[in-house]
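Order of the sequence lines fixes the chain letters, A, B, ..., with proteins taken first and strands second; residue numbering starts at 1 for each chain. Remember, predicted model here, so these are calculated numbers, not experimental data.
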Protein chains: 4
Amino acid sequence: MSFELRPITAPGERLVALAEEHAADFATRAEAHDRDNSFVAENFDAMKVSGILAACAPEQFGGLGVESVHDLMVGISRLARGCPSTAICANMQMIGVMFAARMWRQAVRSSDEAAAAGLAPALTRFGRSEVVRSGAGTESGGTFLLPVVEARPVEGGYLISGRKGFGTNSEIADVISTMVRVRGEDGASYIAGPTIPRGTKGMEVTGNWDALGMRGSGSHDIIFTDCFVPEGSISILGPIGPPSAVALAYIAVANFPLFGANLGIAEAARNYIVDMARTRRRKPFDTPVAERPAVQHQIAEIEAGLTAARAVLTRTGAALDARLECPDDELNARDMEELEKEIQCTKLIVNRAATEIVDRAMTVSGGSGYLSSSPLSRMCRDVRAGQFMQPYSPLEAYEFIGRVSFGLDPYAELRAGAACFSPGSDGESMLNRSEGEKS
Amino acid sequence: MSFELRPITAPGERLVALAEEHAADFATRAEAHDRDNSFVAENFDAMKVSGILAACAPEQFGGLGVESVHDLMVGISRLARGCPSTAICANMQMIGVMFAARMWRQAVRSSDEAAAAGLAPALTRFGRSEVVRSGAGTESGGTFLLPVVEARPVEGGYLISGRKGFGTNSEIADVISTMVRVRGEDGASYIAGPTIPRGTKGMEVTGNWDALGMRGSGSHDIIFTDCFVPEGSISILGPIGPPSAVALAYIAVANFPLFGANLGIAEAARNYIVDMARTRRRKPFDTPVAERPAVQHQIAEIEAGLTAARAVLTRTGAALDARLECPDDELNARDMEELEKEIQCTKLIVNRAATEIVDRAMTVSGGSGYLSSSPLSRMCRDVRAGQFMQPYSPLEAYEFIGRVSFGLDPYAELRAGAACFSPGSDGESMLNRSEGEKS
Amino acid sequence: MSFELRPITAPGERLVALAEEHAADFATRAEAHDRDNSFVAENFDAMKVSGILAACAPEQFGGLGVESVHDLMVGISRLARGCPSTAICANMQMIGVMFAARMWRQAVRSSDEAAAAGLAPALTRFGRSEVVRSGAGTESGGTFLLPVVEARPVEGGYLISGRKGFGTNSEIADVISTMVRVRGEDGASYIAGPTIPRGTKGMEVTGNWDALGMRGSGSHDIIFTDCFVPEGSISILGPIGPPSAVALAYIAVANFPLFGANLGIAEAARNYIVDMARTRRRKPFDTPVAERPAVQHQIAEIEAGLTAARAVLTRTGAALDARLECPDDELNARDMEELEKEIQCTKLIVNRAATEIVDRAMTVSGGSGYLSSSPLSRMCRDVRAGQFMQPYSPLEAYEFIGRVSFGLDPYAELRAGAACFSPGSDGESMLNRSEGEKS
Amino acid sequence: MSFELRPITAPGERLVALAEEHAADFATRAEAHDRDNSFVAENFDAMKVSGILAACAPEQFGGLGVESVHDLMVGISRLARGCPSTAICANMQMIGVMFAARMWRQAVRSSDEAAAAGLAPALTRFGRSEVVRSGAGTESGGTFLLPVVEARPVEGGYLISGRKGFGTNSEIADVISTMVRVRGEDGASYIAGPTIPRGTKGMEVTGNWDALGMRGSGSHDIIFTDCFVPEGSISILGPIGPPSAVALAYIAVANFPLFGANLGIAEAARNYIVDMARTRRRKPFDTPVAERPAVQHQIAEIEAGLTAARAVLTRTGAALDARLECPDDELNARDMEELEKEIQCTKLIVNRAATEIVDRAMTVSGGSGYLSSSPLSRMCRDVRAGQFMQPYSPLEAYEFIGRVSFGLDPYAELRAGAACFSPGSDGESMLNRSEGEKS
């Protein structure tokens, strides 16, 4: 009787079974990619072949028809047991497919045949894993919803200049999505999402990813220098400010499955240390380490952490799935904020539990886990990435959760930031000043 | 959109609705019972009238037919929002009804008409809430599964001597259940469960309950002095030692719903402090306390704690319900140990989260929560009872969880304890010695 | 070899020896005062007789000549081992004496004979413990440095109206000190400290103290209703705003020794549970509870907590003593803020450690510590008072410490608050509004 | 006004001044050595030249005459601010000098001229930093006091076979000390300390050091294969079992200063993040990150952690110095155990505080600290080594502290282990078995 997470839909079952197969293979290369700081290219290729990357495409486009965000999260957790870097790369690709599939289903549901047809080519390519995507949404000093990088309108399109970071998959991505700021004809600032093919002039994928962990994820910086993006490749998402209900839905879809990566790391750390404690014997006694009460206490805390992490992931994931069953135009912003609050609570719990689990496992290892030859020493580094993932770091999450709980506007600061860009404000000059001073 | 726990069965819906009604009423008296250290008698009477105490009886016996342990836990959590003492008193009664109802359903399922008929009178009385039960299973220095209090066989029954504690409901109980040790004719020691009517000669309900919290629960010590119990009123449950799969099932049923009490306390503390922060204004500023980022951080931690507590309760409760669907004779001891491990992890998480939530709420209160006039000062005391509840205190739970995780016998110490009572051991003499020395 | 705190001056040695004698006596009555919510009157009388209350008076005034704040803290910790309520009552009195003694020594040092002579009568009475003081500095919603209660100037003095709380010792105090706001002739607001004899018309000592813990401390609310205070009984301390270096010194003297109370509670809890674990034996085994590794782990955490609490108290106390050696006029505000930062860090560490120690001791007790008959159940309540003591609650301390660390003005909000009272601001109207809405 | 640690002796002042100079230089190379996993050779050479490595030699031997273990710890903390790997390498060398100097002073004090003369050559070489030492005391599965690696007596000496780990400095060490087991002529097992020159046949310094952190410390495994050690190069320290008072004194001297390494890391992390928060500005606002209350809260926790770490280090260090003032033969084992308990509490507090400080600093960094280019990402790895340092890991420390607190024999298990080696026991066979099964 196991309490590991299980998918809740039939397509999810297939996805998770595939993920488990992959994980066993990926585990054999995780240490090497980590040591060499090399992209998990052959893992990614294997996932193209198996079809797991296309799992969220509808079946008629060659996918498995996975619609459940919950099940995608479970799949990511299984991949992460073998190789966390690969898990977040897979997620980057799979949420792109899930986005497109959801938009297509929404179009079909509302009998908008033109929209459905317009999405079909992309879904076909996603269904064949012909196109790899990367999203680079992070800016130093900025936030997800308040990009400072600007796209300036020119004839037939926009010129983008600036720098984005943490572009997972960018090492091999065929297209790169990001978020930029656009000044509208009315003088107001808008948020916009360009999608830019690799090789576009003025977009440099730096290849500079070198971090504490998740070293195989190729999460390079992207530098834009007057990079031209034609009008058709950029969606104006709305004025800078509080996101709409639909935007919140897509933000949730994009980020929730990632939490599974830390669950997978924690599960792998637990399994590693349980095996070690059962087989390693203390000298000169002939008893396994597992017989020590102090070790039993540590594993009990590890198990309690897993119990909490799994329970919040499955409950919140199911709630997210249930919410997303309705058409986009029936989504309600206040409800989505409440859901996002629960998602942020889930993230805090999972990331803390996973980090603590790995740390406890290392303590139990008695020093051997500190050596590079132990997977614990990699897990200890990989697990710490989770807290920095979009849309909120812990310090931002406290504020978001707190304000929603109190019925206060969670976007008060975002509104103030947006005002900096409005006509007549001195936002630009402040911005220029702060650019010069940034560390 | 609320993330509070919801029942998962239709009878559970009715139970929870009743509990919410009661809670609003009980909240008006919670402070007084706490201050006076008086039993929640009128609450108990109201619950007899409403029928909630009989909720777990089958409908033909006048109950609501609640079979879900999960839903009973949710009901207890709702009661605890109003009055935690009343919630644990209700649980003490309701699990007795649930036990009898499960035994009756097992008998019906296996077409054992005699057994079903034998259980009918008790169920009828439970269905009418005519009989109130108390269970006093705790001994100083002993454990649930290893009682030292002995029932000595005499003509037609047994004589019991010893002291039991934490007998919730004992203030008004019509019958009191406990656990004792019996020396069999083979010299081996057995565990046995006598049920003794109030007023039996040699059984004194001391009326001495006076504790940090849960002061309205009437959880007195019971002193037995050569108390005669006829053979028919005592079930010999088996040799002292590892519990059977069925015993583990009943232990789980008896204790899991209690975890809901601490969830209810935590939810009440959260609601109290959110209201305070939204309405209290800081002087001489005209801003609500809720606008302070430091307060937002605290409420975020409170919300994260609730997210974790609710998720583990509902996931583990559903797993327990699923497991209990099979007939008793198909239960498997190893599976039940794995389930009990998960239940103990759940208990750790819920009790820690609830305790921390109340402590944080008091910190946010800024001193007013420290006054007796604040419900927080009562919650701070009530919430600390949870860790001491059966079958495992935290220190015991670490060992149990750890040993099950490692595939070690979780009852190794219990076996050693049982051996102290076996013929030829010097357990008795040790026992006598330790009696004399106990603090 | 013991690592308990030791005084660092010879007069301190005498103070601590006296405190230890008192503590043994007070321990016999701590439970009764707690249960009855009665003031520790006989303890206070005994401390008058022994002279410990006058310890900080110079020897020529009948005191022990204790000048070390460190040693006063150690003495308070010893008293708290016996009775925490008495310890904070003693502190309330003794810091008054220490204040007066320091002012007198400053006057003597600077050959200001008039000032010295002016202070002599008060010191003489303090030296004989003829006068008991209480300080009631807390207001609901306000802060120590920003009192909202106002003293309105009238012929020959002031009329005070408003409510103050947490007036430790007020049950028996001969004089009550507090902090009020005064509107100067220039229209600006000043902070002022009136000292008001018991029995003054318009000052009601409510007798309403009833809290979670520290129940013997008589910390009643004081209600002022047009209470007349003659000009000579009120010191105008300065404009509302950042405190001067000298003010910071007196704030430190007043509050630092109180931290000793929680150390004393923690030490008593440790001693209680160590004794219990060594003497209580587990049934049916004949081994003391102390042999259980899980119990050893808990006591190890308790010991580590004591190690931390003692070390920060003695190091910060010695630093405070060293700083106070210079004359008042050589004190530097920035240095005092740095010192206050360290003091606030010390408070956080000591209060957290002490609270955790008591909680762990209760967990080890296995349920017996939850009963009112156990001193642990009182300690669990008493220890939680520390966080609310002046001048900063934890949430305020985080901000203060953080801002000082970053070189930011720690009084930015205080300045903003003060501005609410300045001529032309709408502070008064806001104030009135918030009064009406306060919970 | 700074609360950083200060030396308490004049020679310590000079040591610390030198350490600060070195640290500024070492900081420029810390990242490179970490990245390349290369020994800090040029740092070590610079420390030979400056004379800091010889600081603990008496002045007549060319040292600074540092006798204070406290001050050595402060010096190590300063070095660790610049380069933690170098700090632990320096400690490995400096405690060797301190050992020899203490033995020499003991000899002089007791007028044992022969002994003093015998130590002079080694001290002379240490005073000139002509000889570099490494100590490799760790065995997988074994403990410091219960070595399994055996030295078998042969003609004129011993043959050693086995493997030792964590041999800091072994990359360049001229001599390597370790701990082995020797079977005496009486059949009993003894503990012995061989000192073996580099290049000795049968001793391989593997060069395999590759760990999560402390990567510049050259802490290779040492493999012994029938390595011959002449009788004069091995000290028989006594029967395997509880260490003597003198042994405990040397264990304390050897390990206490190391705690300073984690303090230094924590201080450097604090300084780094304070600088970042003061200078980095949030976009598009023109405010420094330091103005965010959530950031102020984190720095407050960091400061509180430093306050605790510094206070316990300085208090316990001073207590250790005081204890070591007496001659070796006046040391008392029970007192030394109490002191070692306090030292272990100190280690727990410092290591936890330092680890938490680095983790919090990384959280505040908002992702930039996760990059390899940030010193935080190295500190996060280096700081985790501390818990594994001799003589006790955390799980062992809980037991040691707990047993000493309860007055139980802290060496009960060591005695049992020693018994495995005694004549007639089946320890050898068990040992062989466990060898075969070790992971």
Identify which of C:Ser393, C:Ser365, C:Gly366, C:Ser373 forms the greatest number of heavy-atom pairs closer than 4.5 Å to chain B. C:Gly366
State the OG-CH2 distance between C:Ser372 and B:Trp209, to the nearest 0.5 angstrom. 8.5 Å
So for C:Met214, is it side chain, backbone, both, or neither that comes closer than 4.5 Å to the heavy atoms of chain B? both
Part of C:Ala385 within contact of chain B (heavy atom distance under 4.5 Å): both
In residues 289-299 of chain C, which residues are in contact with chain B at a heavy-atom separation under 4.5 Å? C:Arg292, C:Ala294, C:Val295, C:Gln298
Can you tell me how far apart CG (C:Asp286) and SG (B:Cys420) are? Round to the nearest 0.5 Å. 9.0 Å
Nearest 0.5 Å please: distance from the CG atom of B:Leu395 over to the OG1 atom of C:Thr363. 7.0 Å
Best-contacting candidate, C:Asp210, C:Leu371, C:Leu376, against chain B by heavy atom pairs under 4.5 angstrom: C:Asp210
Suppose a student defines contact as a heavy atom less than 4.5 Å from any heavy atom of chain C. Which residues in residues 354-361 of chain B would they list? B:Asp359
Check C:Ala416 against B:Phe285 and note the closest heavy-atom contact, atom names and distance. C-CE2, 3.7 Å
Dump the intermediate steps for side-chain contact (heavy atoms from CB on, under 4.5 Å) on B:Tyr370 and C:Gln387, then the final yes or no. CA-CA 10 Å; B:Tyr370 194 70; C:Gln387 65 177 319; over 6 Å; no
If every non-hydrogen atom of C:Gly417 is compared with every non-hydrogen atom of B:Pro284, which pair is closest and at what distance? O-CG, 3.5 Å
Roughly how far, to the nearest 0.5 Å, is the CZ atom of C:Arg384 from the OG atom of B:Ser377? 12.0 Å
Using 0.5 Å steps for rounding, measure from the CZ atom of C:Arg381 to the SG atom of B:Cys380. 9.5 Å
Turns out that what part of B:Met362 lies under 4.5 Å from chain C's heavy atoms comes down to both
